[in-house]
2 protein chains.
Amino acid sequence: MLIIGELINGMYANIGKAIKERAKAEIQKCALEQIESGADALDINCGPASKQPLIDMPWLVESVQEVTDKPLCLDSSKPQVIEVGLEAARNKTIINSVTADPEKLDVIIPLAKKYNSQLIGITISKKGIPQNKDQRLELAAAIVASCAEKDFPVDNLFLDPIVLPVNVAQAQLKDILESIRDFKIISEPSPKTTLGLSNVSQGTNVRSLINRTFLTMAIAYGLDSAILDPKDKELMDALITAELILNKHIYCDSYLDAYKKK
Amino acid sequence: MLIIGELINGMYANIGKAIKERAKAEIQKCALEQIESGADALDINCGPASKQPLIDMPWLVESVQEVTDKPLCLDSSKPQVIEVGLEAARNKTIINSVTADPEKLDVIIPLAKKYNSQLIGITISKKGIPQNKDQRLELAAAIVASCAEKDFPVDNLFLDPIVLPVNVAQAQLKDILESIRDFKIISEPSPKTTLGLSNVSQGTNVRSLINRTFLTMAIAYGLDSAILDPKDKELMDALITAELILNKHIYCDSYLDAYKKK
(Lines give C-alpha, C1' and ligand atoms only; values in the text may rest on other atoms or scores of the structure.)
Protein backbone atom coordinates (compact mmCIF):
# COMPACT_ATOMS: atom_id res chain seq x y z
CA MET A 1 0.00 0.00 0.00
CA LEU A 2 0.98 3.61 -0.44
CA ILE A 3 2.25 4.88 2.92
CA ILE A 4 2.09 8.68 3.16
CA GLY A 5 4.17 10.07 6.05
CA GLU A 6 2.24 12.69 8.01
CA LEU A 7 5.00 14.36 10.00
CA ILE A 8 5.88 17.40 7.84
CA ASN A 9 3.01 19.46 9.20
CA GLY A 10 3.29 22.92 10.74
CA MET A 11 0.91 21.88 13.51
CA TYR A 12 3.76 19.88 15.06
CA ALA A 13 5.92 22.22 17.18
CA ASN A 14 9.28 21.19 15.66
CA ILE A 15 8.02 21.64 12.10
CA GLY A 16 6.12 24.86 12.85
CA LYS A 17 9.33 26.31 14.30
CA ALA A 18 11.45 25.03 11.40
CA ILE A 19 9.09 26.66 8.87
CA LYS A 20 9.19 29.96 10.74
CA GLU A 21 12.98 29.93 11.02
CA ARG A 22 13.58 28.49 7.52
CA ALA A 23 15.51 25.63 9.16
CA LYS A 24 15.72 23.54 6.01
CA ALA A 25 17.88 20.82 7.58
CA GLU A 26 15.18 20.08 10.16
CA ILE A 27 12.55 19.56 7.43
CA GLN A 28 14.91 17.40 5.39
CA LYS A 29 15.76 15.28 8.43
CA CYS A 30 12.05 14.70 9.02
CA ALA A 31 11.61 13.71 5.37
CA LEU A 32 14.50 11.24 5.40
CA GLU A 33 13.55 9.68 8.73
CA GLN A 34 10.05 8.96 7.43
CA ILE A 35 11.39 7.40 4.23
CA GLU A 36 13.86 5.32 6.23
CA SER A 37 10.90 4.06 8.28
CA GLY A 38 8.99 2.97 5.17
CA ALA A 39 7.09 6.02 3.84
CA ASP A 40 6.41 5.91 0.08
CA ALA A 41 5.26 9.56 -0.10
CA LEU A 42 5.34 12.60 2.19
CA ASP A 43 2.48 14.84 3.23
CA ILE A 44 3.41 18.55 3.20
CA ASN A 45 1.25 20.88 5.27
CA CYS A 46 2.20 24.42 6.36
CA GLY A 47 -0.01 24.13 9.42
CA PRO A 48 -2.78 26.37 10.73
CA ALA A 49 -0.35 28.93 12.17
CA SER A 50 1.35 29.71 8.84
CA LYS A 51 0.77 33.40 8.04
CA GLN A 52 2.19 33.11 4.53
CA PRO A 53 1.25 29.68 3.19
CA LEU A 54 1.78 30.85 -0.41
CA ILE A 55 5.46 31.27 0.45
CA ASP A 56 5.80 28.47 3.02
CA MET A 57 4.35 25.72 0.78
CA PRO A 58 6.84 26.13 -2.12
CA TRP A 59 9.70 26.48 0.38
CA LEU A 60 8.68 23.18 2.00
CA VAL A 61 8.33 21.47 -1.40
CA GLU A 62 11.75 22.68 -2.52
CA SER A 63 13.40 21.75 0.77
CA VAL A 64 12.02 18.22 0.65
CA GLN A 65 12.73 17.48 -2.99
CA GLU A 66 16.36 18.44 -2.50
CA VAL A 67 16.74 15.19 -0.55
CA THR A 68 14.20 12.79 -2.09
CA ASP A 69 12.29 12.10 -5.27
CA LYS A 70 9.38 10.43 -3.45
CA PRO A 71 5.89 11.76 -4.28
CA LEU A 72 4.70 14.78 -2.31
CA CYS A 73 1.18 15.01 -0.94
CA LEU A 74 0.30 18.72 -0.97
CA ASP A 75 -2.01 19.25 1.97
CA SER A 76 -4.15 22.37 2.17
CA SER A 77 -7.81 23.33 1.96
CA LYS A 78 -6.85 26.43 -0.09
CA PRO A 79 -6.61 25.89 -3.87
CA GLN A 80 -4.03 28.70 -4.23
CA VAL A 81 -1.73 27.01 -1.70
CA ILE A 82 -2.11 23.72 -3.56
CA GLU A 83 -1.30 25.44 -6.85
CA VAL A 84 1.93 27.10 -5.70
CA GLY A 85 2.97 23.71 -4.33
CA LEU A 86 2.22 22.04 -7.67
CA GLU A 87 4.21 24.73 -9.47
CA ALA A 88 7.23 24.19 -7.24
CA ALA A 89 7.12 20.39 -7.42
CA ARG A 90 9.39 18.34 -9.66
CA ASN A 91 8.48 15.13 -7.81
CA LYS A 92 5.18 13.37 -8.47
CA THR A 93 2.31 14.93 -6.52
CA ILE A 94 -0.93 14.05 -4.80
CA ILE A 95 -3.39 16.83 -3.98
CA ASN A 96 -4.73 16.49 -0.40
CA SER A 97 -7.63 17.15 -0.70
CA VAL A 98 -10.84 18.12 -2.44
CA THR A 99 -14.27 17.94 -0.78
CA ALA A 100 -17.48 16.85 -2.54
CA ASP A 101 -18.62 20.46 -3.07
CA PRO A 102 -19.10 21.26 -6.80
CA GLU A 103 -17.29 24.62 -6.54
CA LYS A 104 -14.26 22.87 -5.05
CA LEU A 105 -14.33 20.01 -7.55
CA ASP A 106 -14.58 22.50 -10.41
CA VAL A 107 -11.35 24.17 -9.30
CA ILE A 108 -9.25 21.30 -7.95
CA ILE A 109 -9.85 18.60 -10.56
CA PRO A 110 -8.66 20.85 -13.42
CA LEU A 111 -5.58 21.66 -11.32
CA ALA A 112 -4.87 17.95 -10.84
CA LYS A 113 -5.22 17.43 -14.59
CA LYS A 114 -3.04 20.42 -15.50
CA TYR A 115 -0.21 19.29 -13.22
CA ASN A 116 -0.70 15.56 -13.84
CA SER A 117 -1.26 15.04 -10.12
CA GLN A 118 -3.11 12.35 -8.22
CA LEU A 119 -5.97 13.53 -6.03
CA ILE A 120 -7.49 12.72 -2.65
CA GLY A 121 -11.26 13.26 -2.53
CA ILE A 122 -12.65 13.46 0.97
CA THR A 123 -16.29 12.56 1.59
CA ILE A 124 -17.39 15.74 3.32
CA SER A 125 -19.23 18.77 1.98
CA LYS A 126 -20.41 22.16 3.14
CA LYS A 127 -23.33 20.33 4.74
CA GLY A 128 -20.86 18.80 7.19
CA ILE A 129 -19.50 15.41 8.10
CA PRO A 130 -21.52 12.41 6.87
CA GLN A 131 -23.41 10.54 9.58
CA ASN A 132 -23.49 7.08 8.02
CA LYS A 133 -22.26 4.88 5.19
CA ASP A 134 -24.97 5.90 2.71
CA GLN A 135 -24.05 9.56 3.05
CA ARG A 136 -20.38 8.69 2.55
CA LEU A 137 -21.21 6.69 -0.59
CA GLU A 138 -23.34 9.52 -1.94
CA LEU A 139 -20.51 12.03 -1.52
CA ALA A 140 -17.98 9.55 -2.93
CA ALA A 141 -20.18 9.00 -5.98
CA ALA A 142 -20.42 12.78 -6.50
CA ILE A 143 -16.62 13.06 -6.47
CA VAL A 144 -16.21 10.13 -8.88
CA ALA A 145 -18.89 11.54 -11.21
CA SER A 146 -17.17 14.92 -11.26
CA CYS A 147 -13.84 13.26 -12.13
CA ALA A 148 -15.44 11.26 -14.92
CA GLU A 149 -17.19 14.35 -16.28
CA LYS A 150 -13.90 16.27 -16.32
CA ASP A 151 -12.04 13.36 -17.86
CA PHE A 152 -9.79 12.87 -14.82
CA PRO A 153 -8.76 9.18 -14.60
CA VAL A 154 -10.57 7.63 -11.62
CA ASP A 155 -7.65 5.33 -10.83
CA ASN A 156 -5.67 8.48 -9.97
CA LEU A 157 -8.30 9.32 -7.36
CA PHE A 158 -8.03 8.27 -3.71
CA LEU A 159 -11.31 8.44 -1.76
CA ASP A 160 -11.02 9.21 1.97
CA PRO A 161 -14.10 8.23 4.03
CA ILE A 162 -13.07 10.71 6.76
CA VAL A 163 -12.11 8.96 9.94
CA LEU A 164 -13.67 10.15 13.21
CA PRO A 165 -12.34 9.64 16.74
CA VAL A 166 -13.51 6.48 18.50
CA ASN A 167 -14.34 8.46 21.63
CA VAL A 168 -16.82 10.75 19.84
CA ALA A 169 -18.20 8.68 16.95
CA GLN A 170 -17.68 5.07 17.96
CA ALA A 171 -20.81 3.82 16.23
CA GLN A 172 -19.58 5.18 12.87
CA LEU A 173 -16.29 3.30 12.66
CA LYS A 174 -17.82 0.15 11.22
CA ASP A 175 -19.54 2.27 8.56
CA ILE A 176 -16.17 3.87 7.76
CA LEU A 177 -14.57 0.43 7.34
CA GLU A 178 -17.40 -0.75 5.11
CA SER A 179 -17.14 2.46 3.07
CA ILE A 180 -13.54 1.54 2.23
CA ARG A 181 -14.80 -1.72 0.75
CA ASP A 182 -17.83 -0.22 -0.97
CA PHE A 183 -16.03 2.78 -2.55
CA LYS A 184 -14.23 0.27 -4.77
CA ILE A 185 -17.43 -0.70 -6.57
CA ILE A 186 -18.54 2.84 -7.44
CA SER A 187 -16.81 2.69 -10.80
CA GLU A 188 -14.69 0.56 -13.09
CA PRO A 189 -11.74 1.07 -12.95
CA SER A 190 -12.07 1.47 -9.19
CA PRO A 191 -11.05 4.58 -7.31
CA LYS A 192 -8.33 3.96 -4.73
CA THR A 193 -8.91 4.51 -1.00
CA THR A 194 -6.92 6.29 1.67
CA LEU A 195 -7.49 7.70 5.14
CA GLY A 196 -5.98 10.08 7.67
CA LEU A 197 -5.33 7.49 10.35
CA SER A 198 -4.36 9.40 13.48
CA ASN A 199 -7.77 11.02 13.82
CA VAL A 200 -9.28 7.71 14.99
CA SER A 201 -7.43 7.91 18.31
CA GLN A 202 -7.63 11.67 18.92
CA GLY A 203 -8.27 12.36 22.59
CA THR A 204 -7.69 8.77 23.75
CA ASN A 205 -4.81 7.61 25.92
CA VAL A 206 -3.82 4.51 23.92
CA ARG A 207 -3.31 6.20 20.57
CA SER A 208 -0.81 3.85 18.96
CA LEU A 209 -2.85 0.74 19.88
CA ILE A 210 -6.08 2.20 18.48
CA ASN A 211 -4.29 3.48 15.36
CA ARG A 212 -2.70 0.15 14.51
CA THR A 213 -5.81 -1.89 15.26
CA PHE A 214 -8.00 0.35 13.09
CA LEU A 215 -5.41 0.34 10.30
CA THR A 216 -5.18 -3.46 10.37
CA MET A 217 -8.96 -3.71 10.07
CA ALA A 218 -9.03 -1.13 7.25
CA ILE A 219 -6.40 -3.16 5.38
CA ALA A 220 -8.65 -6.21 5.82
CA TYR A 221 -11.39 -4.13 4.15
CA GLY A 222 -9.09 -3.40 1.17
CA LEU A 223 -7.50 -0.04 2.00
CA ASP A 224 -4.97 1.10 -0.65
CA SER A 225 -3.16 3.89 1.20
CA ALA A 226 -2.95 5.70 4.53
CA ILE A 227 -1.58 8.95 5.87
CA LEU A 228 0.16 8.02 9.10
CA ASP A 229 3.23 8.29 11.31
CA PRO A 230 5.74 5.86 9.77
CA LYS A 231 8.04 6.34 12.77
CA ASP A 232 5.53 4.44 14.95
CA LYS A 233 7.31 1.10 14.70
CA GLU A 234 4.46 -0.98 16.10
CA LEU A 235 2.08 0.62 13.60
CA MET A 236 4.41 -0.18 10.72
CA ASP A 237 4.91 -3.75 11.95
CA ALA A 238 1.13 -4.22 12.03
CA LEU A 239 0.76 -2.74 8.53
CA ILE A 240 3.51 -4.92 7.06
CA THR A 241 2.07 -8.05 8.74
CA ALA A 242 -1.48 -7.28 7.57
CA GLU A 243 -0.20 -7.00 4.00
CA LEU A 244 1.75 -10.24 4.48
CA ILE A 245 -1.45 -11.99 5.50
CA LEU A 246 -3.16 -10.69 2.35
CA ASN A 247 -0.25 -12.14 0.33
CA LYS A 248 0.90 -8.71 -0.92
CA HIS A 249 4.54 -9.54 -0.22
CA ILE A 250 6.28 -12.85 0.33
CA TYR A 251 6.94 -14.36 3.76
CA CYS A 252 10.51 -14.77 4.89
CA ASP A 253 11.79 -14.87 8.47
CA SER A 254 12.99 -11.27 8.17
CA TYR A 255 9.91 -9.98 6.30
CA LEU A 256 9.63 -6.88 8.52
CA ASP A 257 13.09 -5.63 7.60
CA ALA A 258 12.80 -6.79 4.01
CA TYR A 259 9.65 -4.69 3.51
CA LYS A 260 11.27 -1.47 4.66
CA LYS A 261 14.18 -2.03 2.29
CA LYS A 262 11.80 -2.60 -0.65
CA MET B 1 -16.59 -12.53 21.27
CA LEU B 2 -16.18 -15.87 22.96
CA ILE B 3 -12.54 -16.17 24.03
CA ILE B 4 -11.49 -19.79 24.57
CA GLY B 5 -8.21 -20.12 26.49
CA GLU B 6 -5.91 -22.68 24.87
CA LEU B 7 -3.38 -23.31 27.63
CA ILE B 8 -4.77 -26.44 29.34
CA ASN B 9 -3.26 -28.77 26.78
CA GLY B 10 -0.99 -31.72 27.52
CA MET B 11 1.29 -30.71 24.65
CA TYR B 12 2.62 -27.90 26.86
CA ALA B 13 5.35 -29.25 29.12
CA ASN B 14 3.94 -27.86 32.39
CA ILE B 15 0.46 -29.23 31.71
CA GLY B 16 1.73 -32.58 30.39
CA LYS B 17 3.69 -33.00 33.59
CA ALA B 18 0.78 -31.87 35.79
CA ILE B 19 -1.53 -34.42 34.13
CA LYS B 20 0.99 -37.21 34.63
CA GLU B 21 1.59 -36.32 38.28
CA ARG B 22 -2.06 -35.48 39.02
CA ALA B 23 -0.92 -32.01 40.14
CA LYS B 24 -4.44 -30.55 40.32
CA ALA B 25 -3.29 -27.18 41.71
CA GLU B 26 -1.17 -26.58 38.61
CA ILE B 27 -4.16 -27.17 36.29
CA GLN B 28 -6.41 -24.97 38.43
CA LYS B 29 -3.81 -22.18 38.47
CA CYS B 30 -3.66 -22.30 34.67
CA ALA B 31 -7.48 -22.14 34.52
CA LEU B 32 -7.74 -19.16 36.85
CA GLU B 33 -4.91 -17.23 35.18
CA GLN B 34 -6.61 -17.54 31.82
CA ILE B 35 -9.95 -16.38 33.23
CA GLU B 36 -8.24 -13.47 34.98
CA SER B 37 -6.77 -12.49 31.59
CA GLY B 38 -10.20 -12.46 29.92
CA ALA B 39 -10.98 -16.04 28.84
CA ASP B 40 -14.72 -16.81 28.62
CA ALA B 41 -14.21 -20.57 28.22
CA LEU B 42 -11.34 -23.04 28.61
CA ASP B 43 -10.09 -25.59 26.13
CA ILE B 44 -9.26 -28.97 27.74
CA ASN B 45 -6.92 -31.26 25.84
CA CYS B 46 -5.03 -34.22 27.30
CA GLY B 47 -2.30 -33.84 24.71
CA PRO B 48 -0.79 -36.33 22.28
CA ALA B 49 1.36 -37.99 24.96
CA SER B 50 -1.56 -38.98 27.18
CA LYS B 51 -1.61 -42.81 27.43
CA GLN B 52 -4.96 -42.91 29.19
CA PRO B 53 -7.08 -40.07 27.79
CA LEU B 54 -10.29 -41.78 28.98
CA ILE B 55 -9.05 -41.21 32.53
CA ASP B 56 -7.11 -37.98 32.01
CA MET B 57 -10.00 -36.08 30.37
CA PRO B 58 -12.53 -36.49 33.22
CA TRP B 59 -9.78 -35.74 35.75
CA LEU B 60 -8.99 -32.48 33.93
CA VAL B 61 -12.68 -31.58 33.68
CA GLU B 62 -13.25 -32.22 37.38
CA SER B 63 -10.09 -30.34 38.38
CA VAL B 64 -11.07 -27.27 36.38
CA GLN B 65 -14.72 -27.11 37.38
CA GLU B 66 -13.74 -27.18 41.04
CA VAL B 67 -12.49 -23.59 40.54
CA THR B 68 -14.71 -22.13 37.79
CA ASP B 69 -18.12 -22.49 36.20
CA LYS B 70 -16.96 -21.17 32.82
CA PRO B 71 -17.76 -23.34 29.79
CA LEU B 72 -15.30 -26.13 28.97
CA CYS B 73 -14.22 -26.85 25.42
CA LEU B 74 -13.55 -30.58 25.28
CA ASP B 75 -10.76 -31.04 22.77
CA SER B 76 -10.08 -34.44 21.26
CA SER B 77 -10.39 -36.18 17.92
CA LYS B 78 -11.65 -39.32 19.71
CA PRO B 79 -15.43 -39.50 20.31
CA GLN B 80 -14.95 -41.69 23.41
CA VAL B 81 -12.66 -39.11 25.00
CA ILE B 82 -15.21 -36.38 24.24
CA GLU B 83 -17.97 -38.48 25.77
CA VAL B 84 -16.21 -39.17 29.07
CA GLY B 85 -15.52 -35.42 29.27
CA LEU B 86 -19.19 -34.65 28.65
CA GLU B 87 -20.20 -37.13 31.33
CA ALA B 88 -17.89 -35.53 33.86
CA ALA B 89 -18.88 -31.95 33.04
CA ARG B 90 -21.31 -29.94 35.16
CA ASN B 91 -20.27 -26.70 33.41
CA LYS B 92 -21.56 -25.84 29.94
CA THR B 93 -19.56 -27.58 27.21
CA ILE B 94 -18.35 -27.11 23.67
CA ILE B 95 -17.18 -30.15 21.71
CA ASN B 96 -13.88 -29.43 19.89
CA SER B 97 -14.28 -30.73 17.23
CA VAL B 98 -16.03 -32.69 14.52
CA THR B 99 -14.75 -32.93 10.94
CA ALA B 100 -16.95 -32.91 7.83
CA ASP B 101 -16.81 -36.71 7.48
CA PRO B 102 -20.29 -38.31 7.63
CA GLU B 103 -19.19 -41.09 10.00
CA LYS B 104 -17.85 -38.45 12.45
CA LEU B 105 -20.90 -36.21 12.13
CA ASP B 106 -23.17 -39.21 12.73
CA VAL B 107 -21.47 -39.90 16.06
CA ILE B 108 -20.59 -36.45 17.39
CA ILE B 109 -23.76 -34.48 16.60
CA PRO B 110 -25.97 -36.94 18.56
CA LEU B 111 -23.47 -36.65 21.44
CA ALA B 112 -23.74 -32.84 21.35
CA LYS B 113 -27.54 -33.15 21.39
CA LYS B 114 -27.60 -35.71 24.20
CA TYR B 115 -25.39 -33.58 26.45
CA ASN B 116 -26.83 -30.22 25.32
CA SER B 117 -23.35 -29.15 24.20
CA GLN B 118 -22.23 -26.60 21.65
CA LEU B 119 -20.10 -27.93 18.82
CA ILE B 120 -17.09 -26.83 16.75
CA GLY B 121 -17.18 -28.14 13.18
CA ILE B 122 -13.84 -27.95 11.42
CA THR B 123 -13.77 -27.78 7.63
CA ILE B 124 -11.49 -30.71 6.96
CA SER B 125 -12.30 -34.25 5.93
CA LYS B 126 -10.56 -37.53 5.29
CA LYS B 127 -9.63 -36.11 1.89
CA GLY B 128 -7.37 -33.65 3.67
CA ILE B 129 -7.09 -29.92 4.23
CA PRO B 130 -9.09 -27.72 1.85
CA GLN B 131 -7.02 -25.82 -0.69
CA ASN B 132 -9.28 -22.82 -1.25
CA LYS B 133 -12.41 -21.00 -0.11
CA ASP B 134 -14.82 -23.02 -2.24
CA GLN B 135 -13.62 -26.26 -0.68
CA ARG B 136 -13.99 -24.74 2.79
CA LEU B 137 -17.54 -23.62 2.00
CA GLU B 138 -18.43 -27.05 0.63
CA LEU B 139 -17.24 -28.75 3.83
CA ALA B 140 -18.94 -26.12 5.98
CA ALA B 141 -22.21 -26.65 4.12
CA ALA B 142 -21.93 -30.41 4.68
CA ILE B 143 -21.53 -29.87 8.43
CA VAL B 144 -24.45 -27.43 8.57
CA ALA B 145 -26.65 -29.80 6.53
CA SER B 146 -25.84 -32.68 8.86
CA CYS B 147 -26.75 -30.53 11.90
CA ALA B 148 -30.04 -29.50 10.29
CA GLU B 149 -30.83 -33.11 9.36
CA LYS B 150 -30.20 -34.24 12.93
CA ASP B 151 -32.16 -31.34 14.38
CA PHE B 152 -29.12 -29.80 16.10
CA PRO B 153 -29.58 -26.00 16.36
CA VAL B 154 -27.18 -24.34 13.92
CA ASP B 155 -26.65 -21.36 16.22
CA ASN B 156 -24.99 -23.78 18.65
CA LEU B 157 -22.48 -24.67 15.92
CA PHE B 158 -19.12 -22.90 15.51
CA LEU B 159 -17.47 -23.39 12.11
CA ASP B 160 -13.65 -23.34 12.06
CA PRO B 161 -12.12 -22.68 8.61
CA ILE B 162 -8.84 -24.31 9.74
CA VAL B 163 -6.03 -21.81 9.93
CA LEU B 164 -2.74 -22.65 8.24
CA PRO B 165 0.71 -21.20 8.98
CA VAL B 166 1.64 -18.10 7.01
CA ASN B 167 5.04 -19.57 6.20
CA VAL B 168 3.59 -22.62 4.45
CA ALA B 169 0.21 -21.51 3.06
CA GLN B 170 0.47 -17.74 2.76
CA ALA B 171 -1.75 -17.54 -0.32
CA GLN B 172 -4.61 -19.23 1.56
CA LEU B 173 -4.96 -16.77 4.44
CA LYS B 174 -7.17 -14.35 2.53
CA ASP B 175 -9.45 -17.26 1.59
CA ILE B 176 -9.59 -18.22 5.27
CA LEU B 177 -10.61 -14.67 6.24
CA GLU B 178 -13.27 -14.58 3.54
CA SER B 179 -14.54 -17.98 4.66
CA ILE B 180 -15.25 -16.49 8.10
CA ARG B 181 -17.51 -13.92 6.44
CA ASP B 182 -19.11 -16.35 3.99
CA PHE B 183 -19.86 -19.13 6.52
CA LYS B 184 -22.41 -16.77 8.08
CA ILE B 185 -24.63 -16.88 5.01
CA ILE B 186 -24.81 -20.67 4.72
CA SER B 187 -27.98 -20.81 6.78
CA GLU B 188 -30.48 -18.74 8.70
CA PRO B 189 -29.96 -18.56 11.67
CA SER B 190 -26.24 -18.30 10.94
CA PRO B 191 -23.68 -20.68 12.31
CA LYS B 192 -21.07 -19.02 14.51
CA THR B 193 -17.37 -18.96 13.60
CA THR B 194 -14.22 -19.73 15.54
CA LEU B 195 -10.59 -20.54 14.81
CA GLY B 196 -7.49 -22.00 16.41
CA LEU B 197 -5.39 -18.87 16.20
CA SER B 198 -1.87 -19.89 17.11
CA ASN B 199 -1.47 -22.10 14.06
CA VAL B 200 -1.16 -19.03 11.81
CA SER B 201 2.28 -18.19 13.23
CA GLN B 202 3.65 -21.73 13.67
CA GLY B 203 7.33 -21.81 12.72
CA THR B 204 7.74 -18.03 12.45
CA ASN B 205 9.85 -15.90 14.76
CA VAL B 206 7.32 -13.10 15.39
CA ARG B 207 4.48 -15.26 16.62
CA SER B 208 2.62 -12.77 18.80
CA LEU B 209 2.66 -10.05 16.11
CA ILE B 210 1.34 -12.40 13.41
CA ASN B 211 -1.27 -13.85 15.81
CA ARG B 212 -2.68 -10.49 16.83
CA THR B 213 -2.64 -9.06 13.30
CA PHE B 214 -4.47 -12.08 11.88
CA LEU B 215 -6.97 -12.06 14.76
CA THR B 216 -7.69 -8.35 14.24
CA MET B 217 -8.35 -8.97 10.55
CA ALA B 218 -10.54 -12.00 11.34
CA ILE B 219 -12.59 -9.85 13.74
CA ALA B 220 -12.99 -7.33 10.91
CA TYR B 221 -14.42 -10.23 8.87
CA GLY B 222 -16.96 -11.00 11.60
CA LEU B 223 -15.31 -13.72 13.70
CA ASP B 224 -17.43 -14.78 16.72
CA SER B 225 -14.88 -16.71 18.79
CA ALA B 226 -11.23 -17.76 18.92
CA ILE B 227 -9.12 -20.33 20.70
CA LEU B 228 -6.02 -18.45 21.81
CA ASP B 229 -3.55 -17.62 24.57
CA PRO B 230 -5.36 -15.06 26.74
CA LYS B 231 -2.14 -14.46 28.68
CA ASP B 232 -0.64 -12.76 25.61
CA LYS B 233 -1.45 -9.21 26.73
CA GLU B 234 -0.77 -7.57 23.37
CA LEU B 235 -3.06 -10.09 21.68
CA MET B 236 -5.84 -9.38 24.16
CA ASP B 237 -5.36 -5.60 23.80
CA ALA B 238 -5.69 -5.94 20.02
CA LEU B 239 -8.81 -8.12 20.40
CA ILE B 240 -10.48 -5.72 22.83
CA THR B 241 -9.63 -2.72 20.63
CA ALA B 242 -10.92 -4.42 17.46
CA GLU B 243 -14.22 -5.11 19.22
CA LEU B 244 -14.28 -1.50 20.44
CA ILE B 245 -13.94 -0.32 16.83
CA LEU B 246 -16.87 -2.53 15.84
CA ASN B 247 -18.90 -0.92 18.65
CA LYS B 248 -19.28 -4.19 20.57
CA HIS B 249 -18.48 -2.48 23.88
CA ILE B 250 -18.50 1.17 24.86
CA TYR B 251 -15.43 3.41 24.77
CA CYS B 252 -14.11 4.78 28.04
CA ASP B 253 -10.55 5.83 28.80
CA SER B 254 -9.97 2.59 30.69
CA TYR B 255 -11.77 0.35 28.18
CA LEU B 256 -8.98 -2.27 28.23
CA ASP B 257 -9.31 -2.90 31.96
CA ALA B 258 -13.09 -2.51 31.89
CA TYR B 259 -13.37 -5.31 29.29
CA LYS B 260 -11.43 -7.83 31.35
CA LYS B 261 -13.64 -7.13 34.38
CA LYS B 262 -16.80 -7.63 32.31
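In what follows, chains carry the letters A, B, and so on, assigned in the order in which the sequence lines appear, proteins first and then strands, with residues in each chain numbered from 1. Side-chain atoms are counted along with the backbone in the values below, which use heavy atoms only and exclude waters and symmetry mates.
Within the 3.5 Å criterion, the main-chain N or O of B:His249 finds a donor-acceptor partner in the side chain of A:Gln170. The backbone N or O of A:Ala220 lies less than 3.5 Å from a partner atom in the side chain of B:Tyr221, making a donor-acceptor pair.
Under a cut-off of 6.0 angstrom, the local environment of CD in B:Glu33 is crowded, with over 12 non-hydrogen atoms contributed by other residues, nucleotides or ligands. Atom NZ of A:Lys231 sits in a sparse spot, with 12 or fewer heavy atoms from other residues, nucleotides or ligands closer than 6.0 Å. Environment of CD in B:Glu36: sparse, with no more than 12 heavy atoms of neighbouring residues, nucleotides or ligands closer than 6.0 Å. Atom NZ of B:Lys133 has more than 12 neighbouring heavy atoms from other residues, nucleotides or ligands inside a 6.0 Å radius. In A:Lys174, the NZ atom is not crowded: 12 or fewer heavy atoms of neighbouring residues, nucleotides or ligands sit closer than 6.0 Å.
In this structure the side chain of A:Leu256 reaches within 4.5 angstrom of the side chain of B:Leu209, judged on heavy atoms. B:Ile210 places a side-chain heavy atom less than 4.5 Å from the side chain of A:Tyr255.
Atom OG in A:Ser254 sits 8.0 Å away from atom CG in B:Asn205 (nearest 0.5 Å).
For A:Phe214, the parts sitting under 4.5 Å from any heavy atom of chain B are the backbone and the side chain alike. Only the side chain of A:Glu234 comes within contact range of chain B, judged by heavy atoms closer than 4.5 Å. Proximity to chain B is limited to the side chain of A:Leu177, based on heavy atoms less than 4.5 angstrom apart. For A:Val200, no part lies under 4.5 angstrom from a heavy atom of chain B.
Residue with the most contacts toward chain A among B:Arg212, B:Met217, B:Gln172: B:Met217 (heavy-atom pairs, distance under 4.5 Å). Counting heavy-atom pairs under 4.5 Å between each of B:Ile176, B:Asp175, B:Thr204, B:Asn247 and chain A puts B:Asn247 at the top.
Among B:Thr216, B:Leu244, B:Ile219, the one residue that satisfies the side chain to side chain contact (heavy atoms under 4.5 Å, CB included) test with A:Thr213 is B:Thr216.
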